[in-house]
Amino acid sequence: MRLRQSNRKKRYGLPDYGLDLDTSDADSTRPRADSSEDEFVVDANAGDEEEAVGGHSELDEEEYNDDEAEENGFGACGSFSGSKVARTTKAKTTASGWSKEEHLSDNVFAEVPPYPSDPGQRWTRTYVGPIKRWTRFYELIDWWFGDKPDRRVILDSYLKIWWQHELIPPKLTSPTHLLIAQRGWMSEEFADEQRSKFRRLYNDRLIHQLQQQTSTPIDKAEAFNWFIPQAQGGLNVLLGHVSAQKPYHIQQGESISLSDTGLPIGNADDETAVTGGWLLDVGGIPTTIAWAPSQGHMSQLLAIAVAPFSDQTYYPDLKDSPNELEHSSGSIQILKFETIPDHQGIFRPSRCGPKLAQTVCFSWGRVSRMQWCPVPLAAEDAVRLLGVLCVDGRLRIVGIQNVADDNNELFEKIEESMILIEPPRECSLEITCFTWINMNRVAVGLSDGSVVLWSLSPLRMLQRHPVHSTAIMDIVSGFPSDPFLVSTIPIGGVLSLTNLNRPSSETTYHPNVMVSLQPHLLAWSPHLRGFASMWPSAFAGNPNLTFLPIRGFPLCRHLITVNGLPTCISMSPCHPYLLAGTTDGSIWVFNILRKLSSHREKTVKVKLFQHEFCAPPSSGSQNDEEGAQLRGVCRIIHGFLPELNSHPTGVKMAETQRLNREKNAKESTAKKKAKGKARGKSAKLEPTIPVQQEGEVDEEAAMTMTSGPGPIVLYEPQTRITGLAWNPNVEFSWWIAVAMGSGLVRIMDVGAEPQETEDDELDEQGENNASMDVLDEDDVKDSDVEMASEEE
């Protein structure tokens, strides 16, 4: 019988199913059994010896026993007795120094590798897909909007309107452009259909629930004494050019009319000054603000929830802090802003100050979140729906009377709301945030990390889906194009996207673990069909914002890096521009469409203004009367130049490469100089530019602009921006509302003035070529690039 010597010592183990996750070098370099023909043994007397012993040799018996043991389940880790155990233990080692027994003990089937604790191996989750960071814009369109057959035609219309305006949105006067900006990816009749459906829902069902809302009219004095916060003194505000600012005194309830350049407009008959907004004092900390969606040319309504300064004041002695009874009162102030049209049909802020149209008072506690129903209503609609989430952990839907054309102030105290949504009756479970899905659906985030979908009429819980393991900080839906796609941010975990139509199967998340303790850092872009949020990171001083498309959610794209820490962001439903507020009182704005078009093209951002607050001295410089009449000094600085909107990682890599090039140049110059001296010749030094010392880095570029750990600057708490909101109405979509921690609220008209009359028929070809040619970086300048609507 002819046998290979390698087969005589072979042992069998469990098959490898690819479940061994240990990829160490020691395992990958182990040699396998040699199966070459060099060890093939031919013994001429083997056949005679087998016949003499009855056809079985000692080796055959050993292999037979091994096969029998394998069949009985003792293959890799079975037990052997007698001399066979000794022979196995004394088996010869291979060339690499490991024995057969060691190999058998390492190959365990059910062993689970430990979770990597090395900081260098922290990336245990990653994205593998077709979308890359260097993917061109045309390919991104097909991936991000591939479910829309007319995606290229729609994107082409977006580029015609907003591509040339890199910093601030333009003021639209063309009806065609206004319709494109309003409907987004929806049909032209979508807004009218939504209003008609809301009216049918209100007349058939909601009107009966509105009758359950009980309210009592109260006078102004009672509202201000018990519900509306009162400020202790006024504010001195420094306004004007940074080189020639002047102080202006403002009290609670007063306002200052501002021009389009940010300068106050006096009482003089200066008809040439163009109004650009207002600055008003609400007498407390505005925690949340929201514009009311409306249709037509009517006065704009802004809802503001204000908390007293005492709620966020530091008390060395807890006995001096407000008691629970004082925290039980809350209110929402609805301000009305009048508008005036100009000769181009653009509606501008009026010189008349804002008026307090209605005040809703209640005893449910301070307001933490507030959102209007997203359906735009007209002046003939009687009631608007306002969702109010208070600190008691309950969501209430309140019916607000339409007061757009009413000049009388209305104060009412609501005892019972129209609709009350309570969390499930579990231990210490509360509603932490909510979002509107449509006019009859609301999704809420709970403190246990689950998402609940509610129906308003009839009032019932439709589903509850566990998404996170910690409390949800923010939840935003993709209304109107993708209303049942909701994105959620937990306090600790991963940024997730869930389809409430199929919550068990269609869900995804960003692989980076993040820690978020700041609300209002999640926004939806209807035109780009994606979410803007803070960069997923566990670093507390994260200054970066990112964009996550719904088709490619795990691969985010950098948007902006701000100075300080972001406190709130806002995306408009009528254009692709982002507002970002920070702890240092700055407001940033830029065009997301230009930023996402290419990772190579340089884009810019601009700071609209910066707010600074200084508390008055406790004693010394002022007497008691002056100190009681003044609660602080504010300064608003504007007129900033655009800045380069760079990626922080790219800046860091460029800085590192620059330092390496300079170091190599120094070494090369030193070698040439030494070589020239050795030859007795003077080496000619090449002219070099002044460089930094070896090891030095530009801290502003390489440290503060990176996504990793960097300096965290602490500012005065009342300096921060507490709320931002774009106006959702297309005729006023370039209006913004900015709430500051000092109690000031500024309304600004930030739209770019039209250079000429918009005419689609005359400008279509020129705008198309100008907007599309800048996208393809490899095309020739003279080529005509257009986005074809046909599928290729």
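To the nearest 0.5 Å, atom SG of residue Cys556 and atom CE of residue Met534 are 11.5 Å apart. Rounded to the nearest 0.5 Å, atoms CZ (Arg205) and CZ (Arg200) are 11.5 Å apart. Between the CD1 atom of Ile180 and the CD1 atom of Ile154 there is a distance of 9.5 Å, given to the nearest 0.5 Å. Put simply, CG on Asp147 and CD1 on Ile550 are 6.5 Å apart, with the number rounded to the nearest 0.5 Å. Distance CD1/Ile289 to CD1/Ile332: 13.0 Å, rounded to 0.5 Å. Distance check: Ile569 CD1 to Trp726 CH2 gives 13.0 Å after rounding to the nearest 0.5 Å.
Nearest heavy-atom pair, Arg384 versus Pro293, reported as atom, atom and distance to 0.1 Å: NH1-O, 2.6 Å. Nearest heavy atom pair, residue Ile472 against residue Ser450, reads CD1-O, 3.5 Å. When all heavy atoms of Asn727 and Phe732 are compared, the pair lying nearest together is CB-O, 3.0 Å. The shortest heavy-atom contact between Pro483 and Ser477 is O-CB, 3.5 Å. Here the shortest heavy-atom pairing between Ala181 and His527 reads O-NE2, 3.1 Å. Scanning all heavy atoms of the two residues, the minimum distance from Phe227 to Glu222 falls at CD1-O, 4.1 Å.
By the side-chain hydrogen bond (donor to acceptor under 3.5 Å, both in side chains) test, Gln312 pairs with Arg720, sequence neighbours left out.
Below 30°, between 30° and 60°, or above 60°: for Phe553 and Phe531 the angle between ring planes is above 60°, a perpendicular geometry. Using bins of under 30°, 30° to 60° and over 60° for the plane-to-plane angle, the ring pair Tyr577/His575 lands in the perpendicular bin.
Inspection of the Thr488 and His468 side chains reveals an N or O donor paired with an N or O acceptor under 3.5 Å. At a cut-off of 3.5 Å, with distance as the only test, a side-chain donor of His611 or Ser742 sits close to an acceptor on the other residue. Using modelled atom types and a 3.5 Å distance limit, the side chains of Gln358 and Glu412 yield a donor-acceptor pair. Using modelled atom types and a 3.5 Å distance limit, the side chains of Ser294 and Asn729 yield a donor-acceptor pair.
Taking the charged nitrogens against the carboxylate oxygens, Arg396 and Glu422 have no contact shorter than 4.0 Å, which rules out a salt bridge. A salt bridge links Glu426 with Arg464: at least one charged nitrogen is closer than 4.0 Å to a carboxylate oxygen. With salt bridges taken as basic N to acidic carboxylate O contacts below 4.0 Å, none links Asp392 and Arg366. Ion pairing of Asp482 with Arg551 is absent here, as no side-chain N (NZ or NE/NH1/NH2) approaches a carboxylate O to less than 4.0 Å. The residues Asp474 and Arg369 are annotated as salt-bridged, a charged nitrogen and a carboxylate oxygen being separated by less than 4.0 angstrom. Salt-bridge check for Lys355 with Glu338: passed, with a basic side-chain N closer than 4.0 Å to an acidic carboxylate O.
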Review point. Given the rule in the side chain to side chain contact (heavy atoms under 4.5 Å, CB included) test, do Cys568 and Gln518 qualify, once you have shown the distances and angles that lead to the verdict?
Key: CA-CA 8 Å; Cys568 51; Gln518 178 66 37; 5.8 Å; no
Quick one, Trp278 with Phe337, criterion ring-ring contact (aromatic ring centres under 6.0 Å, His included). Give me CA distance, side-chain angles, the key distance, then yes/no.
CA-CA 9 Å; Trp278 302 272; Phe337 299 90; 5.1 Å; yes
What verdict does the side chain to side chain contact (heavy atoms under 4.5 Å, CB included) test give for Met439 and Lys197, after you've listed the backbone C-alpha separation in whole Å, the side-chain angles of each residue and the deciding distance to 0.1 Å? CA-CA 9 Å; Met439 65 186 72; Lys197 290 180 180 179; 3.9 Å; yes
query = Does the pair Val738 and Ile721 meet the rule for a side chain to side chain contact (heavy atoms under 4.5 Å, CB included), with working shown?
reply = CA-CA 7 Å; Val738 182; Ile721 304 298; 4.0 Å; yes
Task: Criterion side chain to side chain contact (heavy atoms under 4.5 Å, CB included) on Met186 and Ser481, from CA distance to verdict - done: CA-CA 6 Å; Met186 310 307 295; Ser481 59; 3.9 Å; yes
- Task: Evaluate side-chain hydrogen bond (donor to acceptor under 3.5 Å, both in side chains) for Thr546 paired with Arg557, printing each intermediate quantity in order.
- Result: CA-CA 5 Å; Thr546 184; Arg557 289 179 172 259; over 6 Å; no
Going by atom type alone, with no hydrogens or angles, which donor-acceptor pairs under 3.5 Å involve a side-chain atom of residues 491-500 and a protein atom two or more places apart or on another chain?
from, atom 1, to, atom 2, distance (Å)
Ser496, OG, Val494, O, 3.3
Asn499, OD1, Asn501, N, 3.1
Asn499, ND2, Glu506, OE1, 2.7

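Between Met298 and Glu731, the closest side-chain pair of non-hydrogen atoms is not below 4.5 Å. In this structure, Leu456 and Trp436 have side chains that are in contact, with non-hydrogen atoms separated by less than 4.5 Å. Side-chain contact between Val367 and Thr288 is present, with heavy atoms from C-beta onward closer than 4.5 Å. Side-chain contact between Leu446 and Thr432 is absent, with no heavy-atom pair separated by less than 4.5 Å. Looking at Gln213 and Ile414, their side chains come closer than 4.5 Å, going by heavy atoms from C-beta outward. At a threshold of 4.5 Å between non-hydrogen side-chain atoms, the residues Glu415 and Ser215 do not count as touching. The closest side-chain heavy-atom distance from Gln300 to Trp291 is below 4.5 Å. Contact check for Asp311 versus Thr313: no side-chain heavy atoms found under the 4.5 Å cut-off.
Put simply, the side chain of His465 never gets that close to the backbone of Val451: no donor and acceptor are under 3.5 Å apart.
Counting non-hydrogen atoms of neighbouring residues, nucleotides and ligands closer than 6.0 angstrom, the CD atom of Glu416 reaches no more than 12 such neighbours.
Each of Leu724, Leu579, Ile736, Val750 was evaluated against Val589; a single residue qualifies, Leu579, per the side chain to side chain contact (heavy atoms under 4.5 Å, CB included) test.
Under the 6.0 Å distance and 45° angle rule, Arg460 does not count as a cation-pi partner of Trp454.
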